Amino acid sequence: MLDLKFIEQNPDIIKRALEKRKVDVDIDGFLEMCNKRKSLIQRVESLRARLNKESKELGRLKAKGVDIQDKARELSQLSDEIKEIEKQRKDIEATIFDIRSQIPNIPAPDVPEGDSDEDNVEIKKWGKRPEFSFEPRPHWDVGASLGGLDFERASKIAGARFALYFDWAARLERALINFMLDVQTRENGYLEVLPPFIVNYDSMFGTGQLPKFEEDLFKLQGWDYYLIPTAEVPVTNIHRGEVIEEKQLPLAYTAYTPCFRSEAGSYGKDTRGLIRQHQFNKVELVRFVHPDTSYKQLEILLTHAESILQRLGLHYRVVVLCTRDLGFSAAKTYDIEVWLPGQNTYREISSCSNFEDFQARRANIKFQPEGSKKKEFVHTLNGSGLAVGRTLVAILENYQQEDGSLIIPEALQPYMGGIEVIEPAK
RNA sequence: GGAGAGGUGGCCGAGUGGUUGAAGGCGGUAGUCUUGAAAACUACUGAGGGUUGAUAGCCCUCCGGGGGUUCGAAUCCCUCCCUCUCCGCCA
């Protein structure tokens, strides 16, 4: 959410930002409503000031035993008038709020302009593509021949876009979660948190999923409850409505959660394998930081996500998302894309974003600056550290062997009870 | 699920229709005193909005959320949410 005064005073910046994102909002109509709102406020407040004053006077007169009937009748009319204007004011403020909550964040100045993910800009690469003496297979083949993944039965149990993990695959998923949490807590200074996987409307509003993206979410029937699409939601909302002491910043949390996404609008996309599931595991990183440092913090966050891939020896590249590809709440986003030899492509495995004060304003998260009276909004950031299912995919595709076996990356072996290789069932 | 008790400023806590312009305390900030500190004393101490050149004044709103009664609501009524206690159920 953007500051109302900022929108009123800088409509051109907003229009330009919307244009870059190819989002259409009637800003001129919005500004007209803002003016209407102001004139209603001025009218209602001057009437209310009069009512307050005269009501007090009336109380004094009554205490003295003076007959107040006529005056009371007059004020009753005034009171009705105020209620009428107040109603108009509430209506227009609700409309203004609705529109404002659907305006996306302003892209940072260095975000490249572009129309699709084709225009995202690669800023670095790490490692090298592994070389194979055979044609590397996609992960669903590797998984099938090793017997750890079962999509057919999963679809019987739940439907399309669900997976069953057995044996080594279930253990590998669990190993990855523990490995990621250990690195983030022990080496990168994050506090581990295990949050609710179901949240209410206000939390979804706070991080920007609602009201605009309800169709992407699973909602519990008959409840004001939603399944989380990412741990970003419950973790960022830990401090909703709070004032944080400046000296506590930056606050850094990491959380493992499953994530639930309806994947509306992605029919027919990535239907095979583990890439696009209704339920997947993710270890998330969330930072609450001082506004002055948030872009530096974004770079730090990125290195924390990268560190996992580096320790797993997985080749990846980092791209900056262009304006059209940027998420609703984000001002700037880096995607880390891991190399998948079985599909001969890079796939997103982490998304690291600076939301500036966009989420903090929606969720009312402030800090008290040293030596200043005025509380300010913090900046929030988050990134995947990493998407667990896709990491498993990357391991399957990058560490597959010609004989059908799978090598376990060294960093994971302690988490797999020392197992170094998974052999196909005989 | 049943019965009951609560939700007031950063925190504790008073307040059952009109000087509440939210008592008092704690915490915080500044000052006096002190070599320094502590103690004591003094002053200040929230958020949002409107007006304005203004972070000055003035005005409006906010006592869990929403709605209502009234000239006037923290206070009365309705409704929802949350917390706590006991019972039931349950991992």
Side-chain angles (χ1 to χ4, degrees), chain A residues 1-9 30-101 194-206 210-211 219-220 222-226 234 237-249 251 288 291 357 360-378:
Chain A
M1 182 120 63
L2 300 173
D3 182 50
L4 185 58
K5 274 193 186 139
F6 182 85
I7 301 172
E8 287 180 302
Q9 288 164 10
F30 180 78
L31 293 176
E32 244 171 72
M33 273 186 264
C34 293
N35 287 334
K36 175 89 176 144
R37 163 181 171 267
K38 278 190 185 172
S39 73
L40 285 172
I41 285 174
Q42 284 164 32
R43 260 173 76 200
V44 80
E45 288 194 349
S46 66
L47 291 177
R48 188 175 292 284
R50 197 179 124 210
L51 179 68
N52 286 348
K53 227 173 121 190
E54 299 199 13
S55 286
K56 259 171 219 165
E57 180 60 25
L58 203 64
R60 275 191 287 270
L61 290 175
K62 193 184 172 193
K64 281 193 218 157
V66 179
D67 177 48
I68 59 168
Q69 279 219 337
D70 287 351
K71 192 73 185 164
R73 211 171 293 127
E74 187 193 324
L75 290 187
S76 178
Q77 275 175 22
L78 180 59
S79 178
D80 288 345
E81 193 183 344
I82 288 170
K83 272 175 196 153
E84 177 52 36
I85 304 171
E86 195 68 65
K87 193 181 162 304
Q88 292 175 32
R89 171 193 176 172
K90 274 196 175 161
D91 287 349
I92 203 158
E93 288 195 332
T95 308
I96 286 171
F97 184 82
D98 283 350
I99 296 171
R100 186 156 73 109
S101 61
L194 182 65
F197 303 160
I198 296 174
V199 300
N200 58 27
Y201 182 94
D202 289 346
S203 293
M204 285 293 187
F205 182 86
L210 290 177
K219 183 172 199 290
L220 299 198
W223 294 78
D224 175 33
Y225 282 156
Y226 299 82
N237 278 281
I238 287 172
H239 293 294
R240 172 151 52 86
E242 293 185 6
V243 180
I244 300 165
E245 281 178 64
E246 186 177 31
K247 61 173 183 259
Q248 291 188 286
L249 298 177
L251 284 170
F288 300 83
D357 63 4
R361 183 173 290 108
R362 286 172 92 95
N364 191 23
I365 306 168
K366 295 187 169 179
F367 75 103
Q368 177 77 64
E370 209 82 36
S372 160
K373 283 264 175 229
K374 193 87 178 152
K375 295 176 179 69
E376 287 178 43
F377 290 113
V378 298

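Worth saying up front: this structure is predicted, and the values here are computed from it rather than measured. Protein chains get the first letters and strands the later ones, always in sequence-line order, with residue 1 at the start of each.
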Could you check how far CD of A/Glu245 sits from P of B/C11, rounded to whole Å? 13 Å
Select base, sugar-phosphate, or nothing to describe what A/Leu51 touches, counting heavy atoms under 4.0 Å on all strands. sugar-phosphate
A/Leu75 side chain: which of B/G21, B/U51, B/C71 is closest? B/C71
B/A14 and B/A3, which share atom name P, separated by this distance in whole Å: 27 Å
Look for any protein N or O under 3.5 Å of an N or O in nucleotides 64-68 of chain B and output each such pair with its distance, or none.
from  : atom 1 : to      : atom 2 : distance (Å)
B/G67 : OP1    : A/Lys90 : NZ     : 2.9

Tell me, please, which residues at least two apart from A/Asp80 pass salt bridge (Lys or Arg N to Asp or Glu O under 4.0 Å). none
Determine which nucleotide pairs with B/G27, using a 3.5 Å limit on both distances of a Watson-Crick or G-U wobble pair. B/U45
Any strand, both distances under 3.5 Å, Watson-Crick or G-U wobble: B/G4 pairs with B/C84
What is the pairing partner of B/G36, taking Watson-Crick or G-U wobble pairs with both distances under 3.5 Å in any strand? none
What is the separation between atom CD1 on A/Ile244 and atom P on B/G10, rounded to the nearest whole Å? 15 Å
If we take the C1' atom in both B/C71 and B/G65, what is their distance in whole Å? 27 Å
Mind checking A/Arg37 for me? I need base, sugar-phosphate or nothing, with any heavy atom below 4.0 Å counting as a touch. sugar-phosphate
Report the distance from atom CG of A/Asn364 to atom C1' of B/G10, rounded to the nearest whole Å. 14 Å
Can you confirm whether or not the ring centre of A/Phe205 sits under 6.0 Å from the ring centre of A/Phe97? yes
Closest to the 5' end of RNA chain B, once A/Gly59 and A/Ser46 are matched to their nearest nucleotides, is A/Gly59
Would you give the length of the straight line joining atom OG of A/Ser76 to atom CG of A/Leu51, rounded to the nearest 0.5 angstrom? 10.0 Å
Should the pair A/Arg100 and A/Phe30 be classed as cation-pi, given the thresholds of under 6.0 Å to the six-membered ring centre and 45° from the axis? no
B/C71, B/G21, B/G46: which one has an atom nearest the side-chain heavy atoms of A/Leu58? B/C71
If we call it a pair only when both distances are under 3.5 Å in a Watson-Crick or G-U wobble match, what pairs with B/C89? none
With a 4.0 Å limit, can you tell me whether A/Arg48 has a side-chain N or O closer than that to the phosphate oxygens OP1/OP2 of B/C59? no
For the pair A/Phe288 and A/His239, name the ring-plane relationship: parallel under 30°, tilted 30 to 60°, perpendicular over 60°. perpendicular
Just name whichever nucleotide pairs with B/U19, Watson-Crick or G-U, keeping both distances under 3.5 Å, else none. none
hbond_proxy A/Lys62 side chain to B/G18 base (donor-acceptor, 3.5 Å cutoff): yes
B/G72 OP1/OP2 closer than 4.0 Å to side-chain N/O of A/Ser79: yes
For A/Glu93, is there an ion pair with A/Lys90 - N to carboxylate O distance below 4.0 angstrom? no
Expressed as a whole number of angstroms, how long is the span from A/Glu93:CD to B/C62:C1'? 14 Å
Does A/Tyr201 have more than 12 heavy atoms from other residues, nucleotides or ligands lying within 6.0 Å of its OH? yes
Nucleotide paired to B/C76 in any strand shown, Watson-Crick or G-U, under 3.5 Å: B/G68
Between A/Arg60 and A/Glu57, does any NZ, NE, NH1 or NH2 come within less than 4.0 Å of an OD or OE carboxylate oxygen? yes
Base-pairing assignment for B/C58 (Watson-Crick or G-U wobble, both under 3.5 Å): B/G50
Span that lies between the P atom of B/G46 and that of B/C11, in whole angstrom: 14 Å
Between A/Arg50 and B/C71, is there a side-chain N or O to OP1/OP2 distance below 4.0 Å? no
Touch class at under 4.0 angstrom, heavy-atom based, for A/Lys71 against every strand present: nothing
Quick one: on RNA chain B, does A/Lys83 or A/Phe377 contact a more 5' nucleotide (nearest heavy atom)? A/Phe377
A/Phe367 side chain reached by A/Pro291 side chain, heavy atoms, under 4.5 Å: yes
Calculate the interatomic distance between A/Glu45 atom CD and B/C58 atom P; express it in whole Å. 15 Å
Taken to the nearest whole Å, CD1/A/Ile41 to P/B/C59 is 18 Å
Interatomic distance, A/Lys38 NZ vs B/C60 C1' [rounded to whole Å]: 15 Å
Taking CZ from A/Arg43 and C1' from B/U51, how many angstroms apart are they, rounded to a whole number? 17 Å
Minimum-distance pair of heavy atoms, taken over all atoms of A/Leu75 and A/Glu54: CD2-OE1, 3.5 Å
How far does the P atom of B/G68 sit from the matching atom of B/C82, given to the nearest Å? 23 Å
Of the candidate nucleotides B/A47, B/C71, B/U51, which contains the atom at the shortest distance from the side chain of A/Ser55? B/C71
Span that lies between the P atom of B/A37 and that of B/U45, in whole angstrom: 25 Å
When you compare B/G57 with B/A5, how far apart are their P atoms, in angstrom units rounded to a whole number? 46 Å
At under 4.0 Å, does any side-chain N or O of A/Asn52 touch on OP1 or OP2 of B/C60? yes
Separation of the P atoms in B/A22 and B/A73, to the nearest angstrom: 15 Å
Is the phosphate of B/G48, meaning OP1 or OP2, less than 4.0 Å from a side-chain N or O of A/Lys366? yes
C1' gap between B/U70 and B/G13, integer Å: 29 Å
Once you apply the 3.5 Å cut-off to both distances, tell me the Watson-Crick or G-U wobble partner of B/G9, or none. none
Walk me through it: do A/Glu84 and A/Lys87 pass the test salt bridge (charged side-chain N to carboxylate O under 4.0 Å, His left out)? CA-CA 5 Å; A/Glu84 177 52 36; A/Lys87 193 181 162 304; over 6 Å; no
